[in-house]
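All values below come from the heavy atoms of this structure, side chains included, with hydrogens, waters and symmetry mates left out. Throughout, numbering of the chain's residues begins at 1 and tracks the sequence. Note that the structure is predicted; figures quoted are calculated from it, not measured.
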Amino acid sequence: KHSAGKLGVPTRAAGRDVHILMQPHRVHLASLLLLFVLVVAIRACVDTDPIDITVTSSSDAAGLCRQDGSQCPILIDVRTLSEWNAGHASCAERIPVQDDRSRIAEVLTLADGDASYPVVVYCRSGARAGSAATVLSNAGFTDVTNGGGWVYPAGNDAVLEEMCTCTTPCTPASTTYTSCTALLAAEGDGICTTMEAVRNVHCQRSCGATCPTDSGDS
C-alpha cells in the first residue's frame, strides 16, 4: 500500500513503493523558474518596445510633383466665364465657390476626397480668390492658398501657369516609428496595407498586428 506523505511522489525502489519527499523550498524555486520562463515567452510575443519601422506613404509614390519637389496643387479659377475665356491657366478648373458654395463638392472630388490636398485659388487680382480661400477653409480644406490674380500683379499669370508643370516624380514621404504605440496610433487598421509593416515579422509580433500572409513575401 502507498503510505500518505506530504508532497509525496510515488515510485518503486527495491520492489517496494516508497515516497520521495520534495522539499517545500525546492517546489517554490521550481514554480518561480516556470513563471520566469512563461513571462519571457509571453514578452517575446507581445513586446511593444523597441521597434524601428519605417513606413513609406504610397499616396504620392506614382504621382508627379513640381520641380521643387512640392505636390502639384489643384488650381481653381474663381472668375467669371468671360474672364476665363479670355485666358486661364492650362490646368485650372473654373469653380467660383465664393459665389456658389454648393460647388465646394467639386473641389473635394478633384482632391479625391482629401481635404488636406493643396489647393490654389486665383481670380483677376486676388480679391475674389481671398473670399474663395476663406470659403474652402471654412469647409474643412487645410491647405488653401490665395494665388493672386491672372491679370494683376503683372507676370503672375506665368507663376500660376508654372504650377501646372508637374513632370518630376514625387518622393514618397516616410515616417520612422520607434514604438508600437506610435505606429498603431498613426497607422491603425492601415498597418496591414503598408508593405513594410506587413513584411516585418517583428513589427507584427511586437505590435500585435494580425495581417494576411502573402505567399510571395519573403
Would you name the heavy atoms of Leu75 and Leu160 that are closest together and state the gap between them?
CD2-O, 3.6 Å

Can you sort out the partners of Asp157 under side chain to side chain contact (heavy atoms under 4.5 Å, CB included), two or more places apart, ordered by chain and number?
Trp150

Check whether any side-chain N or O of Gln98 sits under 3.5 Å from a backbone N or O of Val135 as a donor-acceptor pair, and report yes or no.
no

With sequence neighbours left out, what residues match Glu93 under side-chain hydrogen bond (donor to acceptor under 3.5 Å, both in side chains)?
none

Per the ring pair (Phe, Tyr, Trp, His ring centres under 6.0 Å) rule, what does the pair list look like for residues 86-109, sequence neighbours excluded?
Trp84-His88

Cys72 and Cys166: sulfurs closer than 2.5 Å?
yes

Taking Asn156 for its side chain and Gly147 for its backbone only, find out whether a donor-acceptor pair lies under 3.5 Å.
yes

Listed pairs under 3.5 Å, donor-acceptor, residues 122-132 side chains, sequence neighbours left out:
from   : atom 1 : to    : atom 2 : distance (Å)
Tyr122 : OH     : Asp77 : OD2    : 2.8
Tyr122 : OH     : Ala89 : N      : 3.1
Arg128 : NH1    : Glu83 : OE1    : 2.9
Arg128 : NH2    : Glu83 : OE1    : 3.3
Arg128 : NH2    : Glu83 : OE2    : 3.0

Sorted by chain and number, sequence neighbours left out, side chain to side chain contact (heavy atoms under 4.5 Å, CB included) with Pro73 holds for Arg66, Pro118, Val120, Met163

What one should report as the nearest heavy-atom pair of Ala115 and Gly140 is CB-O, 3.5 Å

Please test Phe141 against Ile104 for side chain to side chain contact (heavy atoms under 4.5 Å, CB included), starting from the C-alpha separation and ending with a verdict.
CA-CA 10 Å; Phe141 287 85; Ile104 293 173; 3.8 Å; yes

According to side-chain hydrogen bond (donor to acceptor under 3.5 Å, both in side chains), does anything in residues 105-116 pair up with another residue at least two apart or in another chain? List the pairs.
Arg103-Glu106, Asp114-Ser116

Considering all heavy atoms of both residues, which atom of Val119 and which atom of Ile76 are nearest to each other, and what is their separation?
CG1-CG1, 3.9 Å

Is it true that Val121 and Val151 fall in one hydrophobic cluster, defined by side-chain heavy atoms closer than 4.5 Å?
no

On a heavy-atom basis, which atom in Leu136 and which in Val144 lie closest, and how many Å separate them?
CB-CG2, 4.0 Å

